[in-house]
There are 2 protein chains.
Amino acid sequence: MRLTTKGRYAVTAMLDLALHAERGPISLADISKRQDISLSYLEQLFSRLRQSSLVSSVRGPGGGYRLARSGAEICVAEIIDAVNESVDATSCGGNSDCSGGEQCLTHYLWTDLSRQIHSFLNGITLADLVQRAEVQEVARRQDIRGGAEEKVAIIGGLQ
Amino acid sequence: MRLTTKGRYAVTAMLDLALHAERGPISLADISKRQDISLSYLEQLFSRLRQSSLVSSVRGPGGGYRLARSGAEICVAEIIDAVNESVDATSCGGNSDCSGGEQCLTHYLWTDLSRQIHSFLNGITLADLVQRAEVQEVARRQDIRGGAEEKVAIIGGLQ
DNA sequence: TATATAGCCGAGCATTCTGGTCGGGTATTG
DNA sequence: CAATACCCGACCAGAATGCTCGGCTATATA
């Protein structure tokens, strides 16, 4: 199983999208500034996210990315799957050929753990995260720091 | 958070130790053969395990490694911690400086996940694994394949 | 129609980790 | 003294991570 900054970045960026959904398409440049993630790296991640139908893109000026579905219908596990291609804790991927054709001693332990992690991350949607007070707190600070976009004067609902 | 073959190997090797505890010290060469793990790599892993006081060593012929405590007192999380040095899902390690000095949006999500995984792996001891039918099944096959060590004629308890 | 925006895309690259080899120690048993 | 088996450090190929850079295409606006 792999769980690194890659997946973290992807979830963070998707959450940024969910938080600013009312502003219309969000450019990667905005996300890059707000979340302090390299623009080119974001492009790579969003290429995968688009292929997995988690976001849709709008090209040209004023364009950017939108969530393909509502935040309530996108769970964290999907996002990590999209960029990481494997959320499995076993090495054999369930093939039970871990230890020289045989099943390794701890095979069942890792399948259990995988199930555990997966069900945890499956139970959390972007909408859940948006609701959380700490997330809103951080998001508000980021908007202020980033010079509170002029496109939309006041974003309702947060304050 | 890191969860790779390294941790898997360590847990597998420790479980092998727990399974053959009655035979006295177990050599890494034996584990290497049974579990199909490179001997030199095992040496590196056991160096860490020894530093973390999870195993004790006996040098010289007939020597090997023993669990430092009973299997019921060693949980899987400890083993992974010992070789992996980090079972943390956050990038900042709880310092909240993930995103340019600030806390990243998803900080709490990763701390929650870390807690989840840790408590799961903390709840499983080597003794628990030894008890499991699938583990005993695999272990028996390995012993037969490996030519059922002559040192101890019949290992009580398994059959 | 020109220009700026912003999504796309591929090559390349430094750094780190993994999983491993090799060679040489040292303690202990017989 | 020789064999066993722990100990330890150096080194290495391959893969992944997190980037950069350069160039392309679609679209909105002046």
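Residue numbering restarts at 1 for every chain, and letters A, B, ... go by the order of the sequence lines.
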**Q** If you look at every strand shown and take non-hydrogen atoms under 4.0 Å, does A:Phe46 touch a base, only sugar-phosphate, or nothing?
**A** nothing

**Q** Give the rounded distance in Å between these two atoms: OH of B:Tyr65 and P of C:dA27.
**A** 15 Å

**Q** Given atom CG of B:Leu39 and atom P of C:dT21, what is their separation to the nearest angstrom?
**A** 9 Å

**Q** Closest to the B:Ser47 side chain: D:dA5, C:dT21, D:dC8?
**A** D:dC8

**Q** Round to the nearest Å and state the distance from B:Leu17 atom CG to D:dA5 atom P.
**A** 14 Å

**Q** Looking at C:dG7, C:dC9, C:dT18, which one has an atom nearest to any side-chain atom of B:Tyr41?
**A** C:dT18

**Q** Which heavy-atom pair separates B:Arg34 from B:Ile26 by the least distance, and what is that distance?
**A** NH2-CG2, 3.6 Å

**Q** Look at the side chain of A:Gln44 against the base of D:dT20 and say whether a donor-acceptor pair falls under 3.5 Å; ignore hydrogens and angles.
**A** yes

**Q** The criterion is side-chain hydrogen bond (donor to acceptor under 3.5 Å, both in side chains); which residues satisfy it with A:Thr125, sequence neighbours excluded?
**A** A:Asp128

**Q** Please give, in whole Å, the distance from C:dG19 P to B:Glu43 CD?
**A** 17 Å

**Q** Looking at every strand, decide which applies to A:Ser57 at a 4.0 Å heavy-atom threshold: base, sugar-phosphate, or nothing.
**A** sugar-phosphate

**Q** Less than 4.0 angstrom from a charged side-chain N to a carboxylate O is my criterion; do B:Asp143 and B:Arg140 meet it?
**A** no

**Q** Do any N or O atoms of the protein come closer than 3.5 Å to N or O atoms of nucleotides 2-5 of chain C, and which pairs are they?
**A**
| unit_1 | atom_1 | unit_2 | atom_2 | d |
| --- | --- | --- | --- | --- |
| C:dT5 | O2 | A:Pro61 | N | 3.3 |

**Q** Tell me the closest heavy-atom pair linking A:Tyr65 and A:Leu17, and the distance in Å.
**A** O-CD1, 3.9 Å

**Q** Remember a base hit wins even if backbone is also touched, and classify B:Leu28 as base, sugar-phosphate or nothing at under 4.0 Å, heavy atoms.
**A** sugar-phosphate

**Q** Only counting residues at least two apart or in another chain, list the ones meeting side-chain contact (heavy atoms from CB on, under 4.5 Å) with A:Val58.
**A** A:Pro25, A:Arg66

**Q** Please tell me which of B:Tyr9 and A:Ser40 maps to the more 5' nucleotide of DNA chain C, matching each residue to the nucleotide holding its nearest heavy atom.
**A** A:Ser40

